[in-house]
Amino acid sequence: MMAESFQQKALARELRPALSKDEALAEANRCLFCHDAPCMRACPTHIDVPLFIRQIATNNPGGAARTILQANILGASCARVCPTEVLCEGACVLTDQHRPIQIGPLQRHATDHAMAVKQPILTAGPKQPGSVGIIGAGPAGLACAAELLRLGYESVIYEAAERPGGLNASGVAQYKMTPEVAQAEVDWLVSAGVNIRCGVSVGKDVSVSELESRHDALFIGVGMGAIPGIQIAGEELPGVWDGLDLIAALKQGDREVFELLRGARVAVIGGGNTAIDVVTQASRAGAAKVWLIYRRGREQMSAYAHEVELAREHGVELVLHAVPHRVVGPSRGLSPRTSRVAGLEFGRKLPDGGERLETLPADLVVRATGQKGARLLAELPVRSEGGKVVADEAGRTSNPRYFAGGDCVSGGQEVVNAVAEGQRAARTIAGEVLSKLGGAQ
Ligand code: SF4
């Protein structure tokens, strides 16, 4: 019991701790406040980084938060989950000569301050006629609603889940962001006037035609669907998990799942950022051994290099050029949810084109390959291809009343990309649909 409590506390700690006030001031004062700053250009939401850092340096964290949140309404989440190493910090002019400014932690410093003092973050624009239905309360939908509110338009977000936030709330590994942060951020948006109806499944609780009659335009921000099966024998056995379900269970503090992982040997199949989140998370939750099974080489993995390095620092072993063949049964356990399998058999590709069969003594096997398209797409009157909505840069789809953004268009990118797409689509909807209803723009 003691161990579990310690483990849960350890896991609850975010990997990158918050900066103290003195640390934030010292770091902010290292910034060169570049004109035409590359860090700002590298940010998909183009936050004015030198301005907000200068505001921190002059002891004005509230002003810094305003600068950040006006450009990116989910700036608190992004401060934690953005791959800053390949975005703003990666572009910082100090990267080569010294070390880049810690832009993510400084952004967190400012937005944490704003949350703590409940600083108002959004001001609704003068009311305009027109209403937008938003399907999905993930980052794209939230950003779209916030931008519409700023422009003076009403919107309603319809969310099938009981809680808003999408993958930002359930699918980001705990060591990057605890669920309380995503929830606090959503509460903040709701208190500013963003209207969210949770537990409403489009196509079931409300029809698509009903939404069309209620709203002048619709924004699709439904994200992606479940992780598909990998078509190997035994994958239906208890003890085989969907990686996003595992992350969500740990985020909810599911004691059974913590217990299941403690001391377990875990084989995770995949080579992208979800797979890396799962292996690092499993290791931090007390797994005795964690393998990452990937069918090609290290260079072909789509996961960020710094995340792969972090996983290795957590003791994760990369098993490359390995093609899973079979989950070895039988499963053992008191319930399907807490069962363990006997292993994972895979073929190791050899340089001569042959294959050598090997078996890992895995207790749990986790599928963490890419997600498939959301089921709802089949019911929406817009063109989609390969499980993704076809939309242009401005969020226009094949149907002039429908707009889209976020993972359901990109197939899975960062929170900051989804925010940028949601905001852009809101401006397109305002300019091309709502402004024609009679209100001033
Ligand atoms: Fe500051 Fe680096 Fe951005 Fe220049 S590039 S403004 S030094 S954070």
Side-chain angles (χ1 to χ4, degrees), residues 13-14 16-29 31 33 37 39-40 43-82 84 87-89 101-125 137-139 141-151 164-166 168-169 172 176-196 414-416 418-420 422-423 426:
R13 279 202 303 266
E14 292 170 335
R16 273 178 114 167
L19 298 175
S20 68
K21 187 178 171 199
D22 286 348
E23 286 169 336
L25 280 176
E27 188 64 10
N29 278 303
C31 180
F33 309 115
C39 52
M40 184 172 164
C43 173
T45 56
H46 305 303
I47 292 172
D48 191 335
V49 177
L51 174 59
F52 94 71
I53 293 181
R54 192 187 290 280
Q55 287 166 317
I56 292 175
T58 52
N59 212 4
N60 179 11
R66 202 173 321 110
T67 301
I68 294 161
L69 296 166
Q70 274 173 356
N72 178 347
I73 203 70
L74 295 189
S77 286
C78 290
R80 292 167 166 85
V81 304
C82 260
T84 48
L87 294 174
C88 52
E89 289 176 20
I101 299 294
Q102 295 181 62
I103 300 170
L106 286 173
Q107 182 166 321
R108 173 175 170 176
H109 177 76
T111 52
D112 281 0
H113 165 85
M115 274 199 197
V117 302
K118 300 199 186 318
Q119 180 179 337
I121 49 162
L122 254 182
T123 310
L142 290 170
C144 181
E147 190 64 16
L148 287 167
L149 185 78
R150 207 194 308 270
L151 295 170
N168 201 35
V172 175
K176 291 184 180 171
M177 183 169 73
T178 58
E180 291 76 23
V181 176
Q183 186 58 48
E185 193 164 47
V186 168
D187 292 345
W188 208 14
L189 289 177
V190 169
S191 67
V194 169
N195 187 358
I196 310 176
E414 302 303 330
V415 172
V416 67
V419 169
Q423 287 173 334

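Model, not experiment: these values are computed from the prediction.
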Quiz item: To the nearest 0.5 Å, how far apart are CD in Q102 and CD1 in I53?
Solution: 10.5 Å

Quiz prompt | Under 3.5 Å donor-acceptor, Q107 side chain and I68 backbone | solution = no

Quiz item: Are any non-hydrogen side-chain atoms of R54 and N60 less than 4.5 angstrom apart?
Solution: no

Self-check item: A426: partners by side chain to side chain contact (heavy atoms under 4.5 Å, CB included), with sequence neighbours left out
Solution: C144, E147, L148

Quiz item: Backbone N or O of L25 within a donor-acceptor pair of the N29 side chain at under 3.5 Å?
Solution: yes

Practice problem: For P179, enumerate each residue passing the side chain to side chain contact (heavy atoms under 4.5 Å, CB included) test, keeping only those at least two apart in sequence or located in another chain. | Solution: Q174, K251

Can you give the donor-acceptor pairs under 3.5 Å from side chains of residues 116-124 to other protein atoms, not counting sequence neighbours?
from, atom 1, to, atom 2, distance (Å)
Q119, NE2, G62, O, 2.9

Quiz item: Out of curiosity, Q183 CD to T178 OG1, how far, rounded to the nearest 0.5 Å?
Solution: 11.0 Å

Quiz item: Which residue pairs satisfy the salt bridge (Lys or Arg N to Asp or Glu O under 4.0 Å) criterion with at least one member in residues 105-117, sequence neighbours excluded?
Solution: E14-R108, R80-D112, R108-D112

Quiz item: How many angstroms lie between atom NE2 of H109 and atom CD of E23, to the nearest 0.5 angstrom?
Solution: 10.0 Å

Exercise. Over all heavy atoms of both residues, which pair between E414 and V81 is shortest? Give the atoms and the distance, please.
Key: OE1-O, 4.2 Å

Quiz item: Taking atom OG of S20 and atom CD of E27, what is their separation to the nearest 0.5 Å?
Solution: 11.0 Å

Quiz prompt | Distance, nearest 0.5 Å, that separates SG of C78 from CE of M177 | solution = 8.5 Å

Self-check item: Taking every non-hydrogen atom, the tightest pair across A76 and L69
Solution: N-CD2, 4.4 Å

Exercise. For Q55 and G63, work out which heavy atoms get closest and say how close.
Key: OE1-O, 3.2 Å

Quiz prompt | side chain to side chain contact (heavy atoms under 4.5 Å, CB included) against A71, all qualifying residues, sequence neighbours excluded | solution = I47

Practice problem: Compare every heavy atom of A64 with every heavy atom of F52, then report the nearest pair and how far apart it is. | Solution: O-CB, 3.5 Å

Practice problem: Taking all heavy atoms of I103 and all of E89, pick out the closest pair and write down the distance. | Solution: N-OE2, 3.0 Å

Quiz item: Is there side-chain contact between L189 and I196, with at least one heavy-atom pair below 4.5 Å?
Solution: no

Quiz item: Does some side-chain heavy atom of L106 sit less than 4.5 Å from a side-chain heavy atom of V49?
Solution: no

Quiz prompt | Nearest-0.5 Å distance, OG1 of residue T111 to CZ of residue R66 | solution = 14.0 Å

Quiz prompt | For I56 against A24, the heavy-atom pair lying closest together | solution = CG2-O, 4.1 Å

Quiz item: With sequence neighbours excluded, what pairs up with A143 under the side chain to side chain contact (heavy atoms under 4.5 Å, CB included) test?
Solution: I73, V419, Q423

